[in-house]
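Take a look at the structure below.
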Amino acid sequence: MLVLSQVSKHYGDTQALAPTDLQVPAGETLVLIGPSGCGKSTLLRLIAGLIQPDSGAITLEGTALTPANILQTRQRMGYVIQEGGLFPHLTVRDNVTVMARYLRRDTGWIQSRLAELAELVRLPQALMTRYPDELSGGQRQRVSLMRALMLDPELLLLDEPLGALDPMIRYELQQELKSIFSQLGKTVVMVTHDIAEAAFFGQTLVLMRDGRIVQTGPFRELAQKPAEPFVEQFITAQREPMEQLAAVLR
Amino acid sequence: MNISWRIKTMLLVSCVASLVRPVLGAEAPVTITVGSKSFTESVILGEMLGHLAQQANIEANHRRQLGGTRVLWNALLSGEIDAYPEYTGTLMQETLVKENLQTEAQLKQALAIRGLRMTRPLGFNNTYAIGMKDELAGQLKLRTISDLQKQPELVLGFGNEFMDRADGWPGLQQRYQLPHRNVRGLDHDLAYRGIESGTLHVTDLYATDAEIAYYKLRALEDDLNYFPVYNAVILYRADLAQRAPEVVTLFKRLAGRIDAPTMSAMNARVKLHGEAESVVAANFLEQNLKLDIDLRVQTAWHRFWRHTVEHLILVGISLSAAILLAIPLGILAARRPRIGQIVLGIAGILQTIPSLALFVFMIPLLGIGGPPAVMALFLYSLLPIIRNTYAGLKDIPPAIVESAQALGLPSRARLHIVELPLATRAILAGIKTSAVINVGTATLSALIGAGGYGQPILTGIRLDDIGLILQGAVPAAALALLVQGLFELIERGLLPKGLRVQASELRSVN
């Protein structure tokens, strides 16, 4: 479905991403994880065509991404970022339908698609005429997801989609997102720095460090057969506080 | 929003364009234009020329107090005006000094080569004189200009033109070997007030100035015969004799009819008794040339209305043009950083040129009147709009720009659907700043003959009439507030609703 071969990127002297290979099979949810600055967001932005690789090729369903076809290709990808990236001057409805209207899709189709998506993300119809500033953080992310799904893309790219939410809402949305992914059967690439979230969503986890992929595989494999000491450290660092918490509760 | 904005701007421009003709001056064949320098005597004589043209049933347009000799001379050469009152001494000692002319016959010849003619002298010699308070001169026992050598501590203040002219202060200082260090240039009319208040001791006078008697001044004797004769004449284009021979005939009737006391009295009626130049000029013609002048006296309201229309046209055209150019330039600057630096740099430099100088720079390029004033105001209005458009676009959070990109919207669509609406508030703030600066600066347009609220201000300074100055200053300030309010209303209509939500929530939080 999505294939990256020898893709690299650097900014000035800093190598943001070393030459990297990655395959994402259709219908799979792949999670990019690692500490800040490890290159996971760079990788996602390269896939979305927001930045151009220095070398290597990215192909989506056999078509190579080029500056010439990137606008076309982006219509086959949905992209959600941490803060939602909603346009503050447009209502929920206009935010979600902006691209469809730009492409002059049939008004009736737009209406029914909007209703369908609102139901999918469980957003009440009454909120359709609100502006982003009149919504809660969780509602904003739901709208952002609707906007990403509007043109029914094959590939969904999510950059820390739940990163800015408080824990309760985050937990609730995690559950919902996972069920939405499984309902839709789309190929998903998600970026997170939270190992629990990664384990919850991802069939495949890709752990990165300093612009390099350290290990690829299911969470179980990373936990049981770490490729480097770093893999173990990364998992332990996030697990330890939880275990202390669990110990207190016991 | 962008489309409706564009339509509104286009409407504004076409509205203004239909009003523009009176200021930009489309010349009909039967009208002539006369000019006058920026002092009362010249304005009175200019009014006479206007009245005389009307006697011949020719529409005359009088560009009052256009500026100094240079401006009038160049305007006459280029045909922007057809005639103006001038002094032989000025022509021989200043304008044509390089030709070293000795007689009036030689002067006539030099003028003919340039396609110009002059009438015989009108009858008075308005030479320069050096004057001071009679009382002070008495105390210091000063009678002649040579006597000034003995009083080096006196403060000298001269009209700006006298300061710079070859036949003014530099020559005078050399001839009399004057030692004074404290010498300043200022407006001729302000010099009288300086003398009266004692901050200045010595100034240049015109022999026919009404103030000499009024302020009890003594003209020091020119004992070394420095000042040449300044016979008043009417200078006109040779082609005027073909276009409107009857007007030239009437101009010539003025020759020898105005002696120094008569001129001085007329100056006094305007400057000291507040009569209109037009009325004084008409009375003279009626009494001395037995002409029946149809005095179309403009009421104060009529004048106010004319100045308002002129001012609005100047502001309207220059501001609309600036908006139309500056917003695209601001967008370009935001999108192409390298070109952006150049654009912002040039606009910044333009802004540092003193506005007065900018107006004067336009004269050689565009002549006098509306076009150079509009151009200067236009250049002046660019920077705030460019800078705010640039900043407004640059301040959009990267996450929002990126989201628009990720949706697959092409660059143009991103600009129109997302970026410009979000920059609306900044862009409108820039336009508001420009508009207020523009309305204020437009008062300087009167200096180069473009009229507007600057006209009463200029006349008020010349006549030392605070009331007249306020007639220009108050409406100009009111207009600035009005324009600001107008753009506030436009902002209310144009600002995307989602951004207003943001603003009102911010207020309620505060």
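Sequence lines set the chain letters: A, B, ... in the order given, protein chains first and strands last, and positions in each chain run from 1.
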**Asked** Quick check: are there more than 12 heavy atoms from other residues, nucleotides or ligands sitting under 6.0 Å from CD of A:Gln111?
**Response** yes

**Item:** Nearest atoms (heavy-atom pairs only) where B:Gly408 meets A:Leu71
**Value:** O-CD2, 3.4 Å

**Message:** To the nearest 0.5 Å, what is the distance between CD on B:Glu402 and CG on A:Leu50?
**Reply:** 4.5 Å

**Asked** Looking only at heavy atoms, which two atoms of A:Ile81 and B:Ala399 are closest? And how far apart?
**Response** CD1-CB, 3.5 Å

**Request:** Name the option with the most non-hydrogen atom pairs under 4.5 Å to chain B; the candidates are A:Met150, A:Met77, A:Arg45, A:Arg130.
**Result:** A:Arg45

**Request:** Measure across B:Ile400 and A:Pro88 and return the closest heavy-atom pair with its distance rounded to 0.1 Å.
**Result:** CD1-CD, 3.5 Å

**Close side-chain approach of A:Leu90 to B:Pro421, heavy-atom, < 4.5 Å** = no

**Prompt:** Could you name the residues of residues 474-485 of chain B that have a heavy atom within less than 4.5 Å of a heavy atom in chain A?
**Reply:** none

**Item:** Verdict with supporting geometry, A:Arg74 and B:Leu407, side-chain contact (heavy atoms from CB on, under 4.5 Å)
**Value:** CA-CA 6 Å; A:Arg74 278 180 191 152; B:Leu407 281 175; over 6 Å; no

**Asked** Under 6.0 Å from the CZ atom of B:Arg336, do we count more than 12 heavy atoms belonging to anything else shown?
**Response** no

**Item:** Side chain / backbone / both / neither for A:Ile70 at chain B, heavy atoms under 4.5 Å
**Value:** neither

**Request:** Give the intermediate values and the outcome of side-chain contact (heavy atoms from CB on, under 4.5 Å) for residues B:Ser403 and A:Tyr79.
**Result:** CA-CA 8 Å; B:Ser403 291; A:Tyr79 186 68; 5.5 Å; no

**Item:** Neighbours of chain A found in residues 380-396 of chain B - heavy atoms under 4.5 Å
**Value:** none

**Request:** Could you tell me whether the side chain of A:His89 and the main chain of B:Ile417 form a donor-acceptor pair under 3.5 Å?
**Result:** yes

